[in-house]
Amino acid sequence: MKWTGSILLALTAPSSALIRFQCSQLVVERLDPLVTPGEIPSPHVHQIVGGNSFNATMHPEKDMPGESTCTTCQFAEDFSNYWTAILYFRARNGTYKRVPQRGNAFFESATGGGMTVYYMQDPLYDTAQKSKVQAFQPGFRMFIGDVNARSKEEAARFRQLTYTCLDNFGSREQETVAFPDRICNEGIMTSLRFPTCWDGVNLDSPDHMAHMSYPESGTFESGGPCPASHPVRTSQVMFEVIWDTRQFNNKEDWPEDGSQPFVWSFGDPTGYANHGDYVFGWKDDSLQKILDTECYVDCKGAKLQSMEEMNKCSGLEPMVEEDIDGWLTQLPGGHIAS
Ligand SMILES: *[C@@H]1O[C@H](CO)[C@@H](O)[C@H](O)[C@H]1NC(C)=O
Ligand SMILES: *[C@@H]1O[C@H](CO)[C@@H](O)[C@H](O)[C@H]1NC(C)=O
């Protein structure tokens with residue numbers, strides 16, 4: 001049968017990309033248009049990167065963040081917004097100090113450190129990236145993690161929300177689900193990997209997670225199949241955020257009981273409540289086009305902006321005015337470590 005060959009060829013044609021780029025910081029403040037839209041301020045502080053139309057409310061039907069005039073991301077057509085909570089250091093006297101961020105290797109000049117974003121078709125180490133995936137649609141958004149998780153068991157339903165203790169700046173081993181319990185010379189990296197199977201219908205869901213699923217068996221990395229309820233394989237979105245803990249690495253300042261001193265901006269001192277937010281905002285079909293182009297990190301079809309240009313978009317005027325940087329007696333929003 002003649003056609004078999006051409007179908008196979010079509011299925012295995014090189015349509016493969018691993019996209020990796022840096023975004024500098026857009027703003028750090030208490031807004032969360034996904035989980036608490038319209039609330040000014042939102043319950044806890046976030047660090048946000050991406051398109052500058054980020055706001056307390058972002059209606060999917062208005063195709064926000066498509067209304068942005070610039071983006072802090074290296075890929076000039078990516079007006080998406082990506083955000084996470086931020087880390088604080090808790091001193092022995094009980095006060096809190098914000099932990100700054102630092103840019104990934106080669107991206108050290110990104111304003112505010114920002115984050116590195118990936119869209120993968122196959123595992124990071126697979127340079128062939130052969131699997132076909134569907135790009136997200138305008139209005140798409142998702143969340144991963146549980147703000148209330150404080151134990152290994154509660155965090156277990158999420159795969160791959162991790163910490164890497166950067167003994168060296170290039171350390172990429174021994175990921176943990178709790179905060180590292182020792183001094184990390186060069187900082188702590190959080191890696192957030194989102195689920196990769198979409199229900200094909202809903203751009204969002206009440207918990208911002210139900211429209212997405214992990215593979216039914218195996219993992220994204222092992223090429224595990226998507227469940228019938230969520231049949232559409234998407235790219236794996238991953239954030240890497242590096243927390244610059246270097247100024248807090250003096251053991252004398254750490255708790256006397258030997259525990260680690262870092263807490264999320266909503267009070268989690270365990271690390272199990274690691275979570276992230278994503279609001280899709282790529283221009284037209286630019287994401288699908290790049291995904292369908294054969295490339296590994298260095299994607300020729302992508303319009304890139306220089307670090308200088310992306311930094312220019314950084315520094316959005318915060319909607320919420322409050323001290324998030326001083327030595328604080330409680331975390332912004334009234335949280336304490338618990
Ligand atoms: C954010 O929303 C406020 C009103 O809620 C509006 O005045 C402001 O222009 C918006 N900012 C952006 C960047 O869209
Ligand atoms: C608490 O400890 C920090 C770190 O040692 C110090 O900078 C800060 O001034 C102290 N605050 C108070 C109120 O003692």
Side-chain angles (χ1 to χ4, degrees), residues 24-32 41-49 83-104 108-115 147-151 162-169 171 174 176-191 240-275 314-338:
S24 34
Q25 193 158 75
L26 182 65
V27 64
V28 178
E29 67 175 331
R30 273 204 291 146
L31 285 190
D32 192 339
S42 69
H44 61 260
V45 188
H46 294 113
Q47 56 97 12
I48 300 116
V49 305
W83 68 94
T84 71
I86 63 169
L87 277 195
Y88 279 88
F89 167 78
R90 184 169 45 142
R92 280 194 179 180
N93 62 19
T95 61
Y96 301 92
K97 179 81 178 158
R98 181 180 151 204
V99 179
Q101 292 162 239
R102 61 191 292 211
N104 230 326
E108 289 92 343
S109 59
T111 298
M115 63 169 95
V147 178
N148 297 314
R150 293 292 182 275
S151 68
T162 64
Y163 303 91
T164 306
C165 185
L166 301 180
D167 297 311
N168 306 303
F169 201 35
S171 301
Q174 292 180 324
T176 57
V177 182
F179 284 132
D181 56 7
R182 59 192 172 89
I183 285 183
C184 305
N185 292 333
E186 296 293 329
I188 297 171
M189 182 168 81
T190 49
S191 302
E240 282 177 349
V241 186
I242 301 177
W243 305 99
D244 189 354
T245 56
R246 285 175 294 179
Q247 62 180 287
F248 306 111
N249 280 350
N250 184 0
K251 204 82 201 228
E252 314 281 272
D253 299 333
W254 282 35
E256 271 137 350
D257 67 3
S259 60
Q260 69 83 37
F262 299 104
V263 295
W264 281 117
S265 50
F266 47 93
D268 173 26
T270 66
Y272 291 120
N274 200 359
H275 67 273
S314 169
L316 191 69
E317 197 60 43
M319 298 273 297
V320 181
E321 268 185 56
E322 64 184 343
D323 184 12
I324 55 174
D325 276 320
W327 287 95
L328 308 171
T329 52
Q330 52 181 15
L331 298 162
H335 308 278
I336 52 160
S338 68

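Bear in mind the structure is a predicted one, so any value in this text is a computation, not a measurement. Counting starts at 1 for both ligands and their atoms, following the listed order.
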- Item | Residues Gln101, Asp244; criterion side chain to side chain donor-acceptor pair (under 3.5 Å); working and verdict | CA-CA 5 Å; Gln101 292 162 239; Asp244 189 354; over 6 Å; no
- Task: Classify the angle between the aromatic ring planes of Phe262 and Phe248 as parallel (below 30°), tilted (30 to 60°) or perpendicular (above 60°).
- Result: perpendicular
- Verify the ring-centre separation between His275 and Phe266: is it less than 6.0 angstrom? yes
- Would you call Arg30-Glu322 a salt bridge at under 4.0 Å N-O? yes
- So, for Pro332 and Ile324, which heavy atoms are closest and what is the spacing to 0.1 Å? CG-CG2, 3.8 Å
Identify all pairs of nitrogen or oxygen atoms, one from ligand 2 and one from the protein, separated by less than 3.5 Å, and list them with distances.
{"from": "ligand 2", "atom 1": "2 (O)", "to": "Asn93", "atom 2": "OD1", "distance (Å)": "3.4"}
{"from": "ligand 2", "atom 1": "2 (O)", "to": "Asn93", "atom 2": "ND2", "distance (Å)": "2.4"}
{"from": "ligand 2", "atom 1": "7 (O)", "to": "Trp327", "atom 2": "NE1", "distance (Å)": "3.4"}
{"from": "ligand 2", "atom 1": "11 (N)", "to": "Asn93", "atom 2": "ND2", "distance (Å)": "2.9"}
{"from": "ligand 2", "atom 1": "14 (O)", "to": "Asn93", "atom 2": "ND2", "distance (Å)": "3.1"}

- Gln174, CD atom: more than 12 neighbouring heavy atoms under 6.0 Å: no
